[in-house]
Trainee: 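Structure incoming, see below.
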Amino acid sequence: MALASEKRPTQAYIDLDALAFNFHSSKKFIGEGIKIMAVVKADAYGHGAARCAKRLEDEGVDWFGVALPEEGVELRNAGIETPILCLGSFWHGQEDALISHDLMPVIFQLDKAASLNRSAEKRKLELSIHVKIDTGMGRIGVRLEEVEKFADDLKKFDHLKLEGVMTHFASADDLSENDFTKLQIERFQTAVKIFEDKGFQPIYKDLANSPGAIGHPDARGNMVRLGGVLYGLGGDVLPKEIAKPKLKPVLSLHTKIMQLKKISKGETLGYGRAFTAERESLIATIPIGYQDGYSRLLSNNANVIVNGFLAPVVGRISMDWTIVDVTDVENANVDDEVILIGESGGQQITTEELAMRTGTISYEITCGINLRVPRHYLGDRPT
Ligand SMILES: *Cc1c(COP(=O)(O)O)cnc(C)c1O
């Protein structure tokens, strides 16, 4: 795995074989006959949407989910042909982009349905939509008490076809909230029945994100929407106590030592002099900082791997630089590889560990790795 030397060596490796492994492993665990939507919003949680989608399409995924129509357009421009659902609906003015790129929106507002219907009518098309029900997440969706009226109003739009009904769980990752998850499932079933009683025939009935799909077999419907598990981020978003598919981390984060220096006992390092050496120390400076997504909350609060040894981050992380204590690393040299997320020589640092140290979830860590950090793809098949 040679880093390209003409670039700053701070790079993320994206292991597409691990992505494919996680897809098949999760699909097998979830079971026959349930379609898989791969959620690749937010640039595939920072992993690179176009490349990840291409590989998942080759592996036979059924759908892609994006947040914004813009993200769907990016996938179409990259040659993706699999159906794409825009989970976050759309904004007025984006109707033509949706239609011309064959993107399906989630709908939960009548004004959006009306404007999409007008655009479809102009083109003499029938467009498929998925309707989102708010069963307890409280974010976006038609509220249960409004479903009846919404369904009646939807009937008036001759150029729209209800292809899917969906909802989203608030706490599927927390077993102590199982009663609430159950309530959400019941509310969803009520909503689906209202649509069906009024003559709609939705093909897709989907509720589950990763924790829902893995931890709640009764929530799988006929499609599940998987994000986190595909990227191997099961360690903090799946309940600890449950059976789960084997998953492999997809992203690793690497750099190289830029500068090495010996400092004396009592010297301080970095902004705010937040670290004082308690012994004569060998200190390495690495070219990564909070701008790259290596959180300032990791100041004096993380390890990196150098030559198979864990080395602690010392002092404050700054915008472009981080300082590590390599006194106990055997034979540390300038240009040695440094692993911030990943494994080497029997040592491992997971995204979940960095999330725990910074009080967040793994998704925010991978999403936060800035575009200034090039993604370097491994295991891609020639197409
Ligand atoms: C992001 C998202 C998902 C995927 O959630 P994961 O926990 O990453 O599996 C599923 N459905 C909707 C509506 C989403 O916004």
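Indexing begins at 1, ligand by ligand and atom by atom, following the structure's order.
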Trainee: Considering only the protein, which heavy-atom contact is closest to atom 5 (O) of ligand 1, and what is its distance?
Mentor: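 For atom 5 (O) of ligand 1, the nearest protein heavy atom is Asn209 CB, 3.4 Å.
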
Trainee: Is the contact between Arg225 and ligand 1 made by the side chain, the backbone, both, or neither, using heavy atoms and a 4.0 Å cut-off?
Mentor: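 Both the backbone and the side chain of Arg225 come within reach of ligand 1.
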
Trainee: Just which atoms of ligand 1 are under 4.0 Å from any heavy atom in Tyr45?
Mentor: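 Counting from 1, the qualifying ligand atoms are 1 (C), 4 (C), 5 (O), 6 (P), 8 (O).
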
Trainee: Please report which non-hydrogen protein atom sits nearest to atom 9 (O) of ligand 1, along with the residue it belongs to and the distance in Å to one decimal place.
Mentor: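 Of the protein heavy atoms, Ser210 OG, 2.5 Å lies nearest.
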
Trainee: Output the list of atoms in ligand 1 that are nearer than 4.0 Å to some heavy atom of Tyr363, sorted by atom number.
Mentor: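 Here the atoms of ligand 1 in question are 6 (P), 7 (O), 8 (O).
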
Trainee: Hey, what do you get for CG (Asp134) to CD1 (Ile140), rounding to the nearest 0.5 Å?
Mentor: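 So the CG of Asp134 and the CD1 of Ile140 are separated by 9.0 Å.
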
Trainee: Regarding Lys205 and Glu196, does a basic nitrogen lie under 4.0 Å from an acidic carboxylate oxygen?
Mentor: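 A salt bridge links Lys205 with Glu196.
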
Trainee: Before signing off on this row, confirm whether Val39 and ligand 1 have an N or O atom pair separated by under 3.5 Å.
Mentor: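 No, there is no polar N/O contact under 3.5 Å.
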
Trainee: Counting only heavy atoms, tell me which of Met37, Arg139, Lys41 gets closest to atom 2 (C) of ligand 1.
Mentor: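 Heavy atom nearest to atom 2 (C) of ligand 1 belongs to Lys41.
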
Trainee: First locate atom OG1 of Thr10, then atom CG of Leu340, and finally report the distance between them rounded to the nearest 0.5 Å.
Mentor: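 Rounded to the nearest 0.5 Å, the OG1-CG separation comes to 8.0 Å.
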
Trainee: Measure up the Tyr45 and Tyr231 rings against each other and bin them: parallel (under 30°), tilted (30 to 60°), perpendicular (over 60°).
Mentor: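 Tyr45 and Tyr231: tilted rings.
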
Trainee: Look up atom CD in Glu352 and atom CD1 in Ile341, then write down how far apart they are to the nearest 0.5 Å.
Mentor: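 So the gap between those two atoms works out to 9.5 Å.
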
Trainee: Would you mind running through ligand 1 and noting each atom that sits below 4.0 Å from a heavy atom of Gly228?
Mentor: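 Numbered from 1, ligand 1 contributes 6 (P), 8 (O), 9 (O).
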
Trainee: Among protein heavy atoms, which sits nearest to atom 12 (C) of ligand 1, and what does the distance come to when rounded to 0.1 Å?
Mentor: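 For this ligand atom, the closest protein heavy atom is His168 CE1, 3.3 Å.
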
Trainee: Is any side-chain N of the basic residue among Asp17 and Lys248 closer than 4.0 Å to the acidic one's carboxylate O?
Mentor: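 No, no charged N to carboxylate O under 4.0 Å.
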
Trainee: Okay, side chain of Lys244, backbone of Ser26: is any donor-acceptor separation there less than 3.5 Å?
Mentor: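 Between the backbone of Ser26 and the side chain of Lys244 there is no qualifying donor-acceptor contact (under 3.5 Å).
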
Trainee: Return a yes/no value for Leu226: is any of its N or O atoms, backbone included, closer than 3.5 angstrom to an N or O of ligand 1?
Mentor: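 No, Leu226 has no N/O under 3.5 Å of an N/O on ligand 1.
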
